[in-house]
K.L.:
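Sending over a structure as structure tokens; questions will come in a sec.
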Amino acid sequence: FARNATMSTPNATMMQDLLTLDNPVFCCYLFWATVLVVKMLLMSLLTALQRFRYKVSIRQTHKQCIIIFPNEEDLFFKNIEVQFNDPHVERVRRAHRNDMENILPYFIMALIYLCTNPNPSVACNLFRVAAVARIVHTLVYAVYPVPQPSRILAFGTMMLITFYMAAVVALRTLRFI
Amino acid sequence: FARNATMSTPNATMMQDLLTLDNPVFCCYLFWATVLVVKMLLMSLLTALQRFRYKVSIRQTHKQCIIIFPNEEDLFFKNIEVQFNDPHVERVRRAHRNDMENILPYFIMALIYLCTNPNPSVACNLFRVAAVARIVHTLVYAVYPVPQPSRILAFGTMMLITFYMAAVVALRTLRFI
Amino acid sequence: FARNATMSTPNATMMQDLLTLDNPVFCCYLFWATVLVVKMLLMSLLTALQRFRYKVSIRQTHKQCIIIFPNEEDLFFKNIEVQFNDPHVERVRRAHRNDMENILPYFIMALIYLCTNPNPSVACNLFRVAAVARIVHTLVYAVYPVPQPSRILAFGTMMLITFYMAAVVALRTLRFI
């Protein structure tokens with residue numbers, strides 16, 4: 001009798017388990033989202049690193065001191081000026097902005113996609129491919145610039161995955177418009 | 001007897017169903033959040049489109065080739081230079097940045113608001129109005145510039161909705177500070 | 001007999017309660033996330049305020065009108081020009097961008113961390129410290145500039161908390177790679 005009650009509401013039972021550690025797909029999302037969050041935070045440190053590196057190299061070669069921090073209170077050295085638009089720093093900042101533009105909406109989209117109870121192996125593989133694509137994107141954009149179309153392919157991979165998830169969710173929830 | 005047990009904990013039962021597809025309010029959130037994610041990703045494509053469009057138009061009128069991509073490896077054509085700060089491209093980028101500043105916190109705020117079990121019709125209508133307001137914002141900002149106050153109204157609509165959700169959540173959770 | 005059935009699945013029962021208002025840790029997250037969302041939205045208003053303040057002060061001292069809005073349709077006054085890169089406005093915008101770079105990934109990371117059922121008092125204190133650190137960061141960056149290392153300490157506090165959460169989650173979910 002108790003078994004019948006459980007069998008009569010299979011959907012409700014499955015749904016409630018979606019956002020828990022009992023759901024391997026959710027764990028897969030947790031792991032790869034964590035990887036991408038760490039990657040994004042490392043971009044901040046990479047920007048600071050670039051600022052210090054080019055500050056130091058300029059000092060050594062030109063016996064002159066131009067610092068490339070945007071704020072006056074960041075001038076840790078004397079006899080230096082505020083400078084904007086260093087190309088090496090700006091490249092990392094563009095890569096970081098691109099991360100924000102793509103990875104942050106992806107986090108929400110993937111979480112939403114998870115709630116629609118997708119096929120486990122499809123979902124896990126999408127999470128893996130998207131995360132690896134963005135790591136490649138950062139490498140070929142900010143760390144070691146590589147000729148196109150490497151960056152466009154890495155960029156497009158996550159974008160297509162996000163659009164696919166959006167299509168799946170939109171079709172499932174269209175009647176709640 | 002079993003019925004009594006269920007009746008005695010109505011809150012717990014309702015709460016567990018909030019973040020599932022059984023909850024129409026959650027489905028409404030899923031749909032409109034998906035719409036906004038897609039809208040944000042299209043901004044990236046619109047930026048690239050603007051870059052190519054103004055690149056091509058300059059070439060045709062001046063027989064000269066100035067490309068407005070920020071990275072050297074993006075120069076798909078020969079005899080062209082890197083250029084920043086094209087006004088048409090920068091306008092789309094400002095609109096995109098504004099999206100990130102407002103829509104991404106809204107995603108989190110709306111999800112949090114959902115967890116406080118709000119009135120279904122109020123919540124659904126807030127989601128609809130907020131999403132439509134941001135689509136209007138993009139149209140009057142990036143696609144076809146319109147005189148103020150159209151943009152400020154569209155901008156303020158989502159901001160007020162987010163503040164309202166924040167007030168509701170803060171009042172519900174104030175004792176957990 | 002019914003009691004045994006409940007006892008035999010303690011994990012599943014605990015897990016399902018994580019993302020509900022019955023979980024005080026989740027309520028604590030809701031409250032402090034709300035505070036940070038409101039703080040981020042106020043940055044938009046602070047930027048606009050800075051634009052108007054310096055527009056007005058220039059008008060009074062120089063009898064000349066230079067407006068520092070980036071869009072032509074935002075020129076509410078006559079005889080004024082579009083101007084970029086006002087230092088006071090750019091400082092607030094950098095602070096806002098830094099918020100997006102750090103707080104938005106933190107929202108996702110903290111939510112993910114919550115799903116791993118962490119120690120309640122540790123989690124609540126992390127949420128409190130992170131939120132206060134970012135409020136201090138905004139004060140010493142955008143409102144009243146203070147010499148370093150105040151800003152770096154405030155910045156580093158949330159970053160370290162996010163890395164700690166990432167480490168906890170990665171260790172829990174490593175086998176789902």
Side-chain angles (χ1 to χ4, degrees), chain B residues 1-2 5 9 11-20 85 87 90-91 93-95 97-98 100-102 104-117 140-141 145-152 155-156 158-160 162-163 165-177, chain C residues 2 6 12-13 15-45 47-48 69-76 82 84-85 93 96-97 99-101 103-108 110-111 114-115 120 124 127-128 131-132:
Chain B
F1 180 75
T9 56
N11 273 326
T13 309
M14 281 164 65
M15 289 304 171
Q16 287 178 10
D17 292 325
L18 283 180
L19 297 183
T20 69
N85 298 327
E90 290 304 308
R91 171 177 285 273
R93 279 169 61 83
R94 281 198 302 274
R97 181 176 160 145
N98 195 289
M100 289 197 285
E101 289 173 356
N102 291 280
L104 295 174
Y106 164 82
F107 282 149
I108 297 291
M109 197 68 244
L111 194 60
I112 285 174
Y113 174 67
L114 253 175
C115 296
T116 63
N117 199 10
V140 302
Y141 198 165
V146 165
Q148 293 281 17
S150 57
R151 207 181 79 223
I152 281 186
F155 170 82
M158 176 176 264
M159 184 166 271
L160 284 179
T162 315
F163 277 133
M165 290 176 174
V168 170
V169 174
L171 287 175
R172 287 288 301 268
T173 60
L174 197 57
R175 66 203 167 91
F176 298 97
I177 189 167
Chain C
T6 313
T13 309
M15 290 304 172
Q16 287 178 8
D17 292 325
L18 282 179
L19 297 183
T20 68
L21 291 185
D22 297 336
N23 179 8
V25 185
F26 185 56
C27 291
C28 185
Y29 169 74
L30 292 188
F31 180 79
W32 289 107
T34 302
V35 168
L36 286 175
V37 166
V38 170
K39 192 203 80 57
M40 284 189 72
L41 293 185
L42 290 180
M43 295 299 282
S44 290
L45 302 183
T47 308
F69 290 89
N71 300 303
E72 278 184 26
E73 72 265 27
D74 295 342
L75 304 179
F76 295 103
V82 172
F84 294 91
N85 298 328
R93 278 169 62 82
H96 199 170
R97 179 174 162 147
D99 275 3
M100 289 197 286
E101 290 173 356
I103 298 181
L104 294 174
Y106 164 80
F107 282 149
I108 297 291
L111 195 60
L114 253 174
C115 295
C124 282
F127 296 152
R128 287 170 193 142
V132 171

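Every value quoted in this text rests on a predicted model; they were computed, and no experiment measured them. Values below: all heavy atoms of this structure, side chains included; hydrogens, waters and symmetry mates excluded. A note on names: the letters A, B, ... follow the listed sequences, proteins ahead of strands, and every chain is numbered from 1.
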K.L.:
Do any side-chain atoms of residues 35-44 of chain C form donor-acceptor pairs under 3.5 angstrom with protein atoms, and if so which ones, sequence neighbours left out?
P.N.:
unit_1  : atom_1 : unit_2   : atom_2 : d
C:Lys39 : NZ     : C:Asp99  : OD2    : 2.4
C:Lys39 : NZ     : C:Thr138 : OG1    : 2.7

K.L.:
What option among B:Tyr113, B:Phe163, B:Tyr106 has the most heavy-atom pairs under 4.5 Å with chain C?
P.N.:
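The candidate making the most pairs under 4.5 Å is B:Phe163.
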K.L.:
Where is the tightest heavy-atom contact between C:Leu104 and B:Met100, given as atom of each residue plus distance?
P.N.:
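Between these two residues, the closest heavy atoms are CD1-O, 4.4 Å.
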K.L.:
Using every non-hydrogen atom in the two residues, find where C:His96 and B:Arg97 come nearest and quote the distance to one decimal.
P.N.:
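Scanning both residues, the minimum pair turns out to be CB-NH2, 3.9 Å.
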K.L.:
B:Phe107 versus chain C, heavy atoms under 4.5 Å apart: side chain, backbone, both or neither?
P.N.:
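For B:Phe107, there is no contact with chain C at all, as no heavy atom is under 4.5 Å.
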K.L.:
For B:Leu174, is it the side chain, the backbone, both or neither that has a heavy atom under 4.5 Å from a heavy atom of chain C?
P.N.:
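Interface part for B:Leu174: both.
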K.L.:
Let me know if C:Ile103 has heavy atoms under 4.5 Å from chain B in its side chain, its backbone, both or neither.
P.N.:
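The answer is neither part of C:Ile103.
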K.L.:
Given that the side chain runs from C-beta out, which part of B:Ile112 has a heavy atom under 4.5 Å from chain C: side chain, backbone, both or neither?
P.N.:
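Both the backbone and the side chain of B:Ile112 come within 4.5 Å of chain C.
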K.L.:
For the CD atom of B:Glu101 and the OG1 atom of C:Thr47, what is their distance to the nearest 0.5 Å?
P.N.:
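OG1 of C:Thr47 is found 6.5 Å from CD of B:Glu101.
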K.L.:
Quick test of your reading: applying salt bridge (Lys or Arg N to Asp or Glu O under 4.0 Å), list the pairs with at least one residue in residues 28-38 of chain C, sequence neighbours left out, ordered by first then second residue.
P.N.:
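Qualifying pairs, neighbours excluded: none.
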K.L.:
If every non-hydrogen atom of C:Phe26 is compared with every non-hydrogen atom of B:Cys115, which pair is closest and at what distance?
P.N.:
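Shortest heavy-atom separation between C:Phe26 and B:Cys115 comes out as CZ-SG, 3.5 Å.
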K.L.:
First locate atom CD1 of C:Ile108, then atom CD1 of B:Ile108, and finally report the distance between them rounded to the nearest 0.5 Å.
P.N.:
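C:Ile108 atom CD1 to B:Ile108 atom CD1 measures 4.0 Å (nearest 0.5 Å).
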